[in-house]
Amino acid sequence: MTALPSLPITDVLDDIKQGIAQHQQLVLEAPPGAGKTTLVPLALLSAEWLGQQRIIMLEPRRMAARSAAQRMASLLGEPVGQTVGYRVRQETKVSKQTRIEVITEGILTRMLLQDPSLDGVGLLIFDEFHERSIDADFGLALALQGREIFRDADTPLRLMVMSATLDGDTIASLLTTDNDTVPIIRSQGKMFPVDILYGKAKRYDENIIERVSQAAISALQQHSGSQLVFLPGQGEINKVLQRLKRHLADNGITDTVVLPLYGALPFREQQRAIEPLAKDGPQRKIVLATDIAETSLTIEGINVVIDAGLCREPCFDPATGMTRLQTRRISQDSSVQRMGRAGRLTEGVCYRLWSEEQQQQLPRQSTPQILQADLAPLLLQILVWGIDDIHELHWLDAPPSGPLSQARDLLHSLGAISGTTISTEQPLQGWTLTPHGEQMAAMPTHPRLAHMLISSAGFNLSKQACALAAVLADRHPLSRDYGADLAAVVATVSGERACHSQHQAWLKRTQQQAKTFQQLLNKYHRQPTQTAPLKEQQQTGFLLASAYPDRIARKKTGSHNNYQLSNGRAATLDNADKLSNHTWLAVAELGGSVNHVGQKSTDRIYSACEFDAELFQQALAPLTTEKTTLEWDDSVERFIAEQVTAVGKLAIKSQRIEKIPAEEKRQALLALIQKRGLSLLPWDKPTRQWQARVELLRQHHSGKQEWPNVSDQHLLNTLELWLAPYLENINKLGDFKKIKLQEVLSHLLPWPLPQQLNELAPIKISVPSGSQISIDYSQNPPVLSVKLQEMFGCADTPSIANGQIKLMLHLLSPAQRPLQVTQDLAGFWSSSYFEVQKEMKGRYPKHPWPDKPQEAAATKYTKHRPKK
DNA sequence: CTCTCCCT
């Protein structure tokens with residue numbers, strides 16, 4: 001090996017060697033340009049503890065993995081694939097001599113799921129860990145558990161986490177074990193000084209196009225050299241592009257060129273933005289870029305950075321199973337990274353279009369992907385690993401339970417898992433992989449597409465499915481020609497349709513990917529289950545619907561391009577898109593955006609194909625549900641019943657039915673009573689009294705047994721239990737009168753409570769005159785209204801419930817007017833009675849008004865009419 | 001107000 005070049009990291013290489021020799025893990029913080037990616041693995045290659053074991057280093061991107069391997073190999077004076085090799089999707093360059101393998105993060109997960117011990121690997125290095133991809137987070141969690149369970153003390157798996165702007169202490173605390181600590185080593189980067197110039201305090205999205213353009217124009221006058229402008233997305237880039245081009249033209253500036261740079265741009269145009277300028281053309285450039293230029297691509301010759309402070313990132317919404325793009329303020333870490341792009345070759349300047357004070361308010365780090373992504377792929381792999389509680393793994397940030405539950409439900413609907421949910425806190429508990437799920441997990445693609453691939457064999461459609469999965473696995477360049485129509489794209493991949501020569505590279509890559517899927521499928525030898533073949537124009541729609549059953553769409557009546565989806569949402573097709581000729585679509589990709597203030601745009605359909613609703617009769621019948629809906633029709637005050645066939649929330653057929661099934665009707669009636677209240681039932685006075693009597697005894701805990709709760713609220717809540725059996729003959733509102741409510745309710749009182757009810761809360765009570773008088777239980781305490789004369793001779797207030805409840809006496813005049821309301825009869829007789837006596841004696845002379853009422857004989861008659 | 005980036 002030739003001597004390693006001297007870079008900033010060289011100063012700490014000895015510390016790293018020593019640290020990782022003495023400990024089983026190490027954290028290395030070093031900014032870009034320090035040389036860590038190349039020099040650290042090479043420096044550790046001859047370590048004694050490594051022996052003949054390999055070093056594996058992870059890179060977040062294929063390009064980065066390839067070039068890291070390339071640089072290391074050339075330092076060793078070897079071609080790639082000998083001592084140093086790499087593995088990325090679709091491409092492997094390793095041999096038996098390979099000691100350093102550079103791989104992308106997704107490959108590590110696959111390796112660990114196959115061999116959790118990572119046998120033969122002595123050191124695992126996570127590079128660029130601050131990017132916090134799901135795969136890196138998950139890979140670290142698996143590696144930690146794998147080495148704990150499967151590795152011996154004499155050949156431990158060492159872990160090194162390297163990053164530019166990582167919070168080293170947090171990650172160190174995750175790696176710390178009971179008997180080992182974690183050295184943190186920090187190194188300088190190689191960067192020229194960059195002046196940071198802040199702007200005024202503004203809302204980030206306020207007038208962004210004009211402010212960015214002005215900043216670029218003024219920087220053009222103040223500085224020589226080229227600019228890199230960070231904008232959130234394609235839309236903003238194109239607007240600023242127009243604005244700046246106009247400025248250059250208006251002012252006759254010819255030495256400067258403006259170039260866009262974003263992921264969807266054709267490769268050649270991306271190259272134009274990245275490459276050094278041609279000698280004979282303009283000598284300055286302004287590159288307008290998304291954050292593709294923050295990490296993935298390096299642009300030559302930039303000394304001015306203009307940062308709008310915004311980024312656009314995907315946010316998964318578990319409620320709809322859809323990912324929306326959200327425009328957000330960048331993190332402090334991100335602003336540092338962007339600023340650094342101005343100081344790679346010379347001193348530079350960075351304009352931030354926000355104030356220094358606002359800088360302090362930015363979040364320190366970007367949100368880790370695991371907290372806002374679709375977790376279905378992760379969940380499938382977690383289950384392959386064999387745990388049903390995510391907390392068995394050590395996470396820097398655990399996957400959140402909302403998206404995890406949604407992922408579980410999706411996997412369930414795709415047939416990948418079976419079980420029942422036991423706990424909402426542990427969404428995986430009670431669920432296991434099905435054989436179909438295991439096959440899905442072996443497919444290197446999203447579970448939706450894996451399901452589509454595997455089930456396609458049963459319909460003899462695997463060739464189309466492989467092409468479709470390959471197209472959907474990555475962005476395709478044909479939307480400009482075909483619009484949203486995927487069937488045309490699939491036909492191109494299958495070779496049935498030609499495409500422009502500029503897309504040849506994409507076509508070859510996609511066909512290769514389709515072939516890989518086909519080879520994996522061939523291993524399963526699936527027999528066709530469906531004899532009747534699908535018509536050609538049904539095929540793509542069928543495949544898409546099996547992957548995205550929640551995105552089957554029907555055009556809204558009277559609309560040209562607005563569709564209703566089976567997940568209950570609405571989405572719009574581009575106005576000019578030819579697909580809008582079709583009433584039914586099977587949608588693959590759709591999305592919308594959320595702006596800086598949280599406003600959501602309408603969801604748009606980006607890719608789809610025509611769909612034949614006939615498929616619901618046969619091949620896709622399992623996606624449909626049948627149910628009877630009952631709706632109360634107020635005009636006729638009765639139920640209208642329909643038999644509805646639906647796919648998800650989209651009703652595809654409904655038919656009026658005359659004979660309403662008993663159970664559905666019962667449920668609908670119960671719901672109607674819930675909504676309109678108990679007053680729909682034929683309450684009469686005795687029944688209400690009965691209810692009040694039971695309630696009274698319940699509240700006073702009278703007798704030896706508990707009384708059932710018969711309050712209105714409780715009856716409403718328990719309709720199903722006590723009323724449901726009596727609803728059979730109810731078809732319209734008037735029929736409620738047929739219910740014998742008193743009798744129905746009486747079943748709620750078990751023996752011996754009915755008898756006790758009559759004893760403890762009698763309907764009538766005897767008064768001294770011999771009359772049987774009804775007690776009014778509608779008030780509390782219950783009221784006994786009785787003529788005063790009938791109570792003569794009664795010393796104390798009458799009571800019920802074995803003396804527990806005193807009645808409220810309403811003592812009446814001979815004309816039935818209340819003279820006194822009292823719960824204290826003795827007190828009344830001895831005081832206010834005499835005032836009553838004085839006043840009433842004159843008015844009702846024929847009635848007795850004795851001076852000692854407690855001792856007088858009670859009577860319901862006048863003085864002159866003798867008692868019977 | 002037309003889709004950020006990346007990966008098995």
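A note on names: the letters A, B, ... follow the listed sequences, proteins ahead of strands, and every chain is numbered from 1.
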Subject >> Closest-nucleotide ordering on DNA chain B, the 5'-leading residue of A:Ala441 and A:Thr290 >> reply: A:Thr290
**OP:** Take the protein atom CG of A:Leu375 and the nucleotide atom C1' of B:dT8, then report the distance between them rounded to whole Å.
**Re:** 16 Å
**OP:** For A:Ile382 and B:dT8, give me the distance from atom CD1 to atom P, rounded to whole Å.
**Re:** 19 Å
Side-chain donor-acceptor contacts of residues 264-272 of chain A below 3.5 Å, not counting sequence neighbours, with atom names and distances?
| residue | atom | partner | partner atom | Å |
| --- | --- | --- | --- | --- |
| A:Gln270 | NE2 | A:Tyr262 | O | 3.1 |
| A:Gln270 | NE2 | A:Gly263 | O | 3.2 |

**OP:** Please check the phosphate of B:dC7 (OP1 and OP2 only) for any side-chain N or O of A:Arg62 closer than 4.0 Å.
**Re:** yes
**OP:** Measure up the A:Trp395 and A:Phe138 rings against each other and bin them: parallel (under 30°), tilted (30 to 60°), perpendicular (over 60°).
**Re:** parallel
**OP:** Please identify each residue that fulfils side-chain hydrogen bond (donor to acceptor under 3.5 Å, both in side chains) with A:Arg62, with sequence neighbours left out.
**Re:** none
Original post:
So does A:Thr109 get a side-chain nitrogen or oxygen closer than 4.0 Å to the phosphate oxygens (OP1/OP2) of B:dC7?
Top reply: no
Please list, one pair per line, the donor and acceptor atoms closer than 3.5 Å that link side chains of residues 307-318 of chain A to other protein atoms, with sequence neighbours excluded.
| residue | atom | partner | partner atom | Å |
| --- | --- | --- | --- | --- |
| A:Asp307 | OD1 | A:Gly309 | N | 2.8 |
| A:Asp307 | OD1 | A:Arg338 | NH1 | 2.7 |
| A:Arg312 | NE | A:Thr327 | OG1 | 3.1 |
| A:Arg312 | NH1 | A:Glu236 | OE1 | 3.1 |
| A:Arg312 | NH2 | A:Glu236 | OE1 | 3.3 |
| A:Arg312 | NH2 | A:Glu236 | OE2 | 2.4 |
| A:Glu313 | OE2 | A:Arg328 | NH1 | 2.5 |
| A:Glu313 | OE2 | A:Gln372 | NE2 | 3.2 |
| A:Asp317 | OD1 | A:Ala319 | N | 3.0 |
| A:Asp317 | OD2 | A:Thr320 | OG1 | 3.4 |

Original post:
Whole Å only: how far is the CD atom of A:Glu131 from the C1' atom of B:dC6?
Top reply: 9 Å
Subject >> Whole-Å gap separating P (B:dC7) and CD1 (A:Ile292) >> reply: 10 Å
Within the sub-3.5 Å range, which N or O atoms of nucleotides 1-3 of chain B have a protein N or O partner, and how far apart are they?
| residue | atom | partner | partner atom | Å |
| --- | --- | --- | --- | --- |
| B:dC3 | OP1 | A:Tyr606 | OH | 3.3 |

Original post:
Could you give the CD-to-C1' distance, from A:Gln372 to B:dC5, as a whole number of Å?
Top reply: 12 Å
Original post:
Could you give the CZ-to-C1' distance, from A:Arg132 to B:dC6, as a whole number of Å?
Top reply: 16 Å
Give every donor-acceptor pair under 3.5 Å between a side-chain atom in residues 477-489 of chain A and any protein atom, sequence neighbours left out.
| residue | atom | partner | partner atom | Å |
| --- | --- | --- | --- | --- |
| A:Tyr482 | OH | A:Thr492 | OG1 | 3.4 |
| A:Asp485 | OD1 | A:Ala487 | N | 3.1 |

**OP:** Applying side-chain hydrogen bond (donor to acceptor under 3.5 Å, both in side chains), name anything that partners A:Asp135, two or more places apart in sequence or on another chain.
**Re:** none
